[in-house]
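Here's the structure, in structure tokens; my notes come after.
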Amino acid sequence: MSKGSQERSPSYQRSFSQNDAGTSDDMDKSVENEDAANEVQNSAMGTRATDSARVTKFTKELSGQMVILERLRELAWSGVPPYMRPNVWRLLLGYAPPNSDRREGVLRRKRLEYLDCVAQFYDIPDTERSADEINMLRQIAVDCPRTVPDVPFFQQAQVQKSLERILYTWAIRHPASGYVQGINDLVTPFLVVFLSEYLEGSIDSWSISDMSAGKISNIEADCYWCLSKLLDGMQDHYTFAQPGIQRLVFKLKELVRRIDEPVSRHMEDQGLEYLQFAFRWFNCLLIREIPFHLVTRLWDTYLAEGDALPDFLVYIFASFLLTWSDELQKLDFQEMVMFLQHLPTQNWTHQELETVLSRAYIWHSMFNSSPSHLAS
């Protein structure tokens, strides 16, 4: 992700639709007063992705011969209707081309290319691998069963085999970082979304044992290419010593100090380092911190952010952390470490997630134009 691409084009606005926030369609980007903040947070946002007006807008954007990505980003920021998610995500990540005439051909070619990569790198005997490659494959094989352990679907042997193929192929083709623990988590939202084109009902009832090898291969290919597109924008998050993550953790600390001085001072007085809890947040993009059924909604916003995502993560994670500002100020060092490693989000619904996102949106509007406090 080049520095130049961090700036959004002027036409892009993160927007809440009128069904979301009770405000006009183009809610002003610089929402700075409490009334607007409360209005955004108090609206019943959990239902908004399926509002008929929103569905109509998505359908209109997706039905043209040429999808206007800026408009799609604006809509997707506030949540994508689940059945539209596979197509919208492929478009937002630049995997599927915006030109509908080319789309089918490009996807067919990319899926074949993935199949070739698997044959070339994965489906070979260990005698043809280097010692480093054997170790990497072993590490991936160890991590796959640990991926989203509280969702039984991911414990199925075939699902873990798919994960292993995607991760190993990605790692071989991205030697600058290779496989880093945490990347296994990042495949899971893609796997669930692309499987949803073939499987119905709750993920708790899903099984891929009856699916054809061709369908599974296409799903894996889509996961592989979308993971690649996502991580292209965060390359230094997973290279040696993970400098990109270290930089964002520092920015998070500075932003929290500016927004909530009392909790910032308390954490500092207790000697709590942000790396002790926030490293995992950036490494796994919060997948381990919230209930899995909310992850795809969160990722709608991530993918809508595009190139600006790493910087916006800082605002989302500040908003997430400060959900518990009052509680944190009552805890000592050891209690804070335990609390932050096991946050009480297990009963969260879309409502709590929308509150985190809307607060991040507002703080970004207020502070991002004066980022001197975030200078590295």
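Source: prediction; values computed, not measured.
Note that CG of Asp232 and CG of Asp307 are 10.0 Å apart. Values are rounded to the nearest 0.5 Å.
Partners of Thr323 under the side chain to side chain donor-acceptor pair (under 3.5 Å) rule, at least two apart in sequence or in another chain, are Arg359. A search for salt bridge (charged side-chain N to carboxylate O under 4.0 Å, His left out) contacts involving Asp143 returns Arg146, not counting sequence neighbours. Qualifying salt bridge (charged side-chain N to carboxylate O under 4.0 Å, His left out) partners for Glu352, counting only residues two or more places apart in sequence or in other chains: none. For the salt bridge (charged side-chain N to carboxylate O under 4.0 Å, His left out) test, residues two or more places apart in sequence or in another chain that qualify with Glu261 are Arg265. For Asp101, the side chain to side chain donor-acceptor pair (under 3.5 Å) partners two or more places apart in sequence, or in a different chain, are Gln65. For Arg111, the side chain to side chain donor-acceptor pair (under 3.5 Å) partners are Asp222, not counting sequence neighbours. The side-chain contact (heavy atoms from CB on, under 4.5 Å) search around Pro243 returns Asp236, Thr239, not counting sequence neighbours. Contacts of Glu133 classified as side chain to side chain donor-acceptor pair (under 3.5 Å), with partners at least two apart in sequence or in another chain: none.
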Full working for side chain to side chain contact (heavy atoms under 4.5 Å, CB included) between Leu309 and Met234: CA-CA 9 Å; Leu309 175 61; Met234 314 178 175; 3.4 Å; yes
Candidate pair Glu254 and Arg257, rule salt bridge (Lys or Arg N to Asp or Glu O under 4.0 Å), full reasoning: CA-CA 5 Å; Glu254 293 301 301; Arg257 179 181 293 150; 3.0 Å; yes
Side chain to side chain contact (heavy atoms under 4.5 Å, CB included) assessment of Asn184 paired with Ile140: CA-CA 8 Å; Asn184 53 314; Ile140 290 169; over 6 Å; no
Verdict with supporting geometry, Met211 and Gln158, side chain to side chain contact (heavy atoms under 4.5 Å, CB included): CA-CA 10 Å; Met211 288 180 74; Gln158 251 188 302; over 6 Å; no
Full working for salt bridge (Lys or Arg N to Asp or Glu O under 4.0 Å) between Glu305 and Arg73: CA-CA 7 Å; Glu305 280 294 316; Arg73 285 188 195 290; over 6 Å; no
Check against side chain to side chain contact (heavy atoms under 4.5 Å, CB included), Tyr95 and Val106: CA-CA 9 Å; Tyr95 167 47; Val106 167; 5.8 Å; no
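Applying side chain to side chain contact (heavy atoms under 4.5 Å, CB included) to Arg71 and the options Leu75, Ile68, Val67 leaves one that passes, Ile68.
Annotation for Leu272 and Met336: closest pair CD2-SD, 3.9 Å, computed over non-hydrogen atoms. Scanning both residues, Ala76 and Val88, for their nearest heavy atoms gives CB-CG1, 4.3 Å. Of all heavy-atom pairs spanning Leu321 and Met267, the tightest one is CD2-CE, 4.3 Å. For Gly79 against Asp300, the heavy-atom pair with the smallest separation is CA-OD2, 3.5 Å. Residues Leu353 and Leu294 approach most closely at CD2-O, 3.6 Å, considering heavy atoms. Considering all non-hydrogen atoms of both residues, Thr169 and Cys117 come closest at CG2-CB, 3.6 Å.
Under the 3.5 Å distance criterion, the side-chain polar atoms of Thr296 are left unmatched by any main-chain donor or acceptor of Pro189. The backbone N or O of Gln181 sits less than 3.5 Å from a side-chain atom of Asn283, completing a donor-acceptor pair. Side-chain atoms of Ser325 do not come within 3.5 Å of backbone N or O of Leu322 as any donor-acceptor pair. A donor-acceptor distance shorter than 3.5 angstrom exists from the side chain of Thr355 to the backbone of Gln351, with no hydrogens or angles considered. Looking only at distances, no side-chain donor or acceptor of Gln270 sits under 3.5 Å from a matching main-chain atom of Asp332. Under a 3.5 Å cut-off, the side chain of His237 and the backbone N or O of Gln242 do not form any donor-acceptor pair.
When ring centroids are compared, Phe367 and Tyr315 stay outside the 6.0 Å threshold. Checked against the 6.0 Å centroid threshold, Tyr238 and Trp170 do not count as a close aromatic pair. The aromatic ring centroids of Phe282 and Phe279 lie 6.0 Å or more from each other.
In this model, no donor atom of one side chain and acceptor atom of the other lie less than 3.5 Å apart for Tyr114 and Arg109.
Transitive grouping of hydrophobic side chains (ILVMFWY, heavy atoms separated by less than 4.5 Å) keeps Val180 and Ile134 in distinct clusters. In the hydrophobic cluster analysis, where Ile, Leu, Val, Met, Phe, Trp and Tyr join through side-chain heavy atoms closer than 4.5 angstrom, Leu92 is grouped together with Tyr83. Phe333 is connected to Phe277 through a chain of hydrophobic side-chain contacts under 4.5 Å among Ile, Leu, Val, Met, Phe, Trp and Tyr, so both are in one cluster. Connection of Met84 to Leu298 is established within a shared hydrophobic cluster, with ILVMFWY side chains joined at heavy-atom distances below 4.5 Å, either directly or through further cluster members. Side-chain heavy atoms closer than 4.5 Å link hydrophobic residues (I, L, V, M, F, W, Y) into clusters, and following such links, even through other members, never connects Leu107 to Leu112.
Within the 4.5 Å cutoff, no side-chain heavy atoms of Cys226 are placed close to those of Leu230. A heavy-atom distance below 4.5 Å is found between the side chains of Ser228 and His174.
Residue pairs meeting the salt bridge (charged side-chain N to carboxylate O under 4.0 Å, His left out) criterion with at least one partner in residues 148-177, sequence neighbours excluded, are Glu113-Arg173, Lys161-Glu164, Arg165-Glu220. Note on residues 187-210: pairs passing ring-ring contact (aromatic ring centres under 6.0 Å, His included), not counting sequence neighbours, are Trp89-Phe190, Phe153-Trp206, Phe190-Trp299. Contacts classified as salt bridge (charged side-chain N to carboxylate O under 4.0 Å, His left out) and involving residues 190-219 (residues at least two apart or in different chains) are given here: Arg90-Glu197. Within the structure, ring-ring contact (aromatic ring centres under 6.0 Å, His included) pairs that include any residue of residues 118-145 do not occur (at least two apart or interchain).
Within a 6.0 Å radius of CD in Glu335, other residues, nucleotides and ligands contribute more than 12 heavy atoms.
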